[in-house]
> 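This is the structure, below, for whatever I ask next.
Everything numeric in this text was worked out from a predicted model, so none of it was measured. Counting convention: from 1, in listed order, for ligands and their atoms alike.
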Amino acid sequence: MGELGRVPVGIVGASGYGGVQLVRLLKEHPGVELVYLGGESSAGKPFSDLYPHLGHCVDLNIEPLDLDTIASRCKVVFLSLPNGLAYQMAPALVAKGCKVLDLSADYRFFDLETYQSWYGGDRADREIAATAAYGLPELYRDRIAEASLIGCAGCYPTASLLALSPLLKQGLILSETAIIDAKSGTSGGGRQAKTNLLLAEADNSLGPYGVGGRHRHTPEIEQVCSDLAGHEVRVQFTPHLIPMVRGILATVYATLRDPGLVREDLLTIYKAFYRSSPFVKMLPGGTYPQTKWACGTNLCYIGIEVDPRTDRVIVMSAIDNLVKGQAGQALQCLNLMMGWEETLGLPTMGFYP
Ligand SMILES: NC(=O)C1=CN([C@@H]2O[C@H](COP(=O)(O)OP(=O)(O)OC[C@H]3O[C@@H](n4cnc5c(N)ncnc54)[C@H](OP(=O)(O)O)[C@@H]3O)[C@@H](O)[C@H]2O)C=CC1
Ligand SMILES: CC(=O)N[C@@H](CCC(=O)OP(=O)(O)O)C(=O)O
């Protein structure tokens with residue numbers, strides 16, 4: 001244990017957007033002590049050079065990656081790296097007794113064939129990958145609590161799955177009719193320079209990408225939908241880049257099996273489904289979520305509507321992609337793994353306006 005009995009934790013990829021959110025959250029968490037920050041091009045720099053607004057409370061340098069050093073100092077390691085790197089590190093860290101929470105896609109897939117067909121790579125970590133839990137606590141709370149390795153859910157999948165799950169789990173929709181229209185802010189693309197994320201490209205512009213099942217979050221969403229429904233599910237998922245920094249809004253459309261269901265019926269069903277999920281906030285009938293409400297929080301706001309003319313249900317969910325969609329979700333998973341209160345150290349009030 002670290003100072004004052006706190007659990008010593010490290011962040012690999014601390015210089016990125018996920019990394020800095022983790023630093024912010026972990027510094028205020030009563031159960032942990034932040035003892036290691038790792039990076040690649042930023043190694044050797046004081047963290048406060050990169051993020052001066054946290055200089056008053058973080059006095060650590062970014063260090064080069066050395067697994068022995070990390071394992072000797074940390075009981076818990078967050079990996080916040082580009083896809084394809086975590087699976088080269090996690091097996092050794094778990095073998096040395098660390099709990100590992102990976103924010104990338106490396107441990108999100110129930111079968112490695114699906115991972116490899118979308119992300120490539122040559123996986124020699126089959127045994128350890130099979131022990132990983134999918135890091136979406138609202139759906140896999142018990143498995144997360146028992147695991148040493150977590151593949152934290154993706155940002156679009158988090159917003160999409162929290163909106164869709166009650167419908168699929170209870171067989172309320174014709175699953176093949178499910179359409180997910182989702183919009184993300186530019187921080188979803190990370191801190192690395194990318195042309196399409198330049199202000200001049202993204203500002204005043206809203207556009208789809210990965211259309212026609214071509215985005216790598218489609219298989220991630222489908223595997224969980226299939227798991228919940230108990231049969232193979234295909235969804236139509238279309239992401240959009242929207243000119244804002246933080247937030248995801250997912251609007252899900254599907255045809256109801258029972259056209260007699262009204263909005264209030266569905267609200268009752270959703271409230272029951274999420275009764276033990278403190279971060280899911282069901283909105284009253286006629287109120288629809290806005291990304292700004294979730295900004296800086298680990299909350300997911302969900303609104304529901306039914307169109308009796310088309311027999312479709314419309315479910316809208318809003319999250320902060322960097323918190324509930326990434327760093328906050330990882331910390332929520334850690335709380336479960338450690339047997340702490342699920343909400344410990346996680347913000348529930350936003351930056352609004
Ligand atoms: N942004 C988002 O909304 C979400 C992101 N994710 C996932 O989380 C992970 C991190 O994303 P994000 O924080 O946005 O990414 P960033 O691009 O902001 O940060 C990436 C981090 O990885 C480090 N890094 C890059 N290459 C290497 C390498 N070869 N070896 C070691 N470290 C390296 C960088 O270090 P340095 O700067 O020192 O080079 C940096 O700290 C990704 O897998 C992403 O898909 C998940 C959910 C949401
Ligand atoms: C706006 C933007 O570029 N978003 C990213 C998704 C965010 C992300 O990093 O994906 P994970 O949740 O799988 O880690 C994209 O579409 O690739």
> Look at the aromatic rings of Y115 and Y119 and report parallel, tilted or perpendicular, splitting at 30° and 60°.
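Ring orientation, 0 to 90° scale: parallel.
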> Give the atoms of ligand 1, by number and element, whose distance to some non-hydrogen atom of Q192 is under 4.0 Å.
17 (O)
> Pick one: which of L228, V315, I304, I269 meets side-chain contact (heavy atoms from CB on, under 4.5 Å) with L167?
V315
> Can you check whether W340 reaches V32 side chain to side chain, under 4.5 Å on heavy atoms?
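A side-chain contact under 4.5 Å exists here.
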> Does E176 pair with R234 as a salt bridge, N-O distance under 4.0 Å?
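A salt bridge is absent here (no side-chain N lies under 4.0 Å from a carboxylate O).
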> Who are the salt bridge (charged side-chain N to carboxylate O under 4.0 Å, His left out) partners of E264, not counting sequence neighbours?
none
> Report yes or no: does H217 have a heavy atom closer than 4.0 Å to ligand 1?
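Judged by the 4.0 Å heavy-atom criterion, H217 does not count as contacting ligand 1.
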> Could you name the option among I11, L103, V323 that has the heavy atom nearest to atom 7 (C) of ligand 1?
L103
> Indicate the ring-plane relationship of F110 and Y140, choosing parallel, tilted or perpendicular according to the 30° and 60° boundaries.
perpendicular
> Atoms of ligand 1 less than 4.0 Å from G39 heavy atoms?
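Listed by number with element: 38 (O).
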> Taking distance alone, no hydrogens or angles, what donor-acceptor pairs closer than 3.5 Å link side-chain atoms of residues 146-156 to residues at least two apart or in another chain?
residue: Y156; atom: OH; partner: Y209; partner atom: OH; Å: 2.7
residue: Y156; atom: OH; partner: H240; partner atom: O; Å: 3.3

> Does the protein put a heavy atom under 4.0 Å from atom 28 (C) of ligand 1?
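Yes, at least one protein heavy atom sits under 4.0 Å from atom 28 (C) of ligand 1.
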> Just which atoms of ligand 1 are under 4.0 Å from any heavy atom in S41?
36 (P), 37 (O), 38 (O), 39 (O)
> Pick whichever of G16, S80, S15 has a heavy atom sitting closest to atom 10 (C) of ligand 1.
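Answer by nearest heavy atom: S80.
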> Could you work out, for atom 1 (N) of ligand 1, the closest of P157, S187, A43 by heavy-atom distance?
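It is S187 whose heavy atom sits nearest to atom 1 (N) of ligand 1.
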> Which protein residues come within less than 4.0 angstrom of ligand 2, counting heavy atoms only?
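Within 4.0 Å of ligand 2, protein side: R108, G154, C155, Y156, S184, G185, G188, G189, Y209, H215, R216, H217, L241.
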> With heavy atoms of L85 as the reference, note each atom of ligand 1 found under 4.0 Å away.
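Close to L85: 27 (C), 28 (C), 29 (N), 30 (N).
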> Below 4.0 Å from any atom of ligand 1, is there a heavy atom belonging to G154?
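For ligand 1, residue contact (heavy atoms, under 4.0 Å) with G154 is absent.
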> Only one of S41, S80, S42 forms a side-chain hydrogen bond (donor to acceptor under 3.5 Å, both in side chains) with S15, so which one is it?
S42
> Judged on heavy-atom distance to atom 24 (N) of ligand 1, which of G13, G44, G19, P82 sits nearest?
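Nearest heavy atom to atom 24 (N) of ligand 1 lies in P82.
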> Only counting residues at least two apart or in another chain, list the ones meeting salt bridge (charged side-chain N to carboxylate O under 4.0 Å, His left out) with D311.
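Per chain and number, D311 pairs via salt bridge (charged side-chain N to carboxylate O under 4.0 Å, His left out) with no residue.
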> Using a strict 4.0 Å cut-off to heavy atoms of N83, name the atoms of ligand 1 that fall inside it.
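Counting atoms of ligand 1 from 1, those under 4.0 Å from N83 are 43 (O).
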> Could you go through the side-chain hydrogen bond (donor to acceptor under 3.5 Å, both in side chains) check for S165 and E138 one step at a time?
CA-CA 10 Å; S165 294; E138 287 72 14; over 6 Å; no
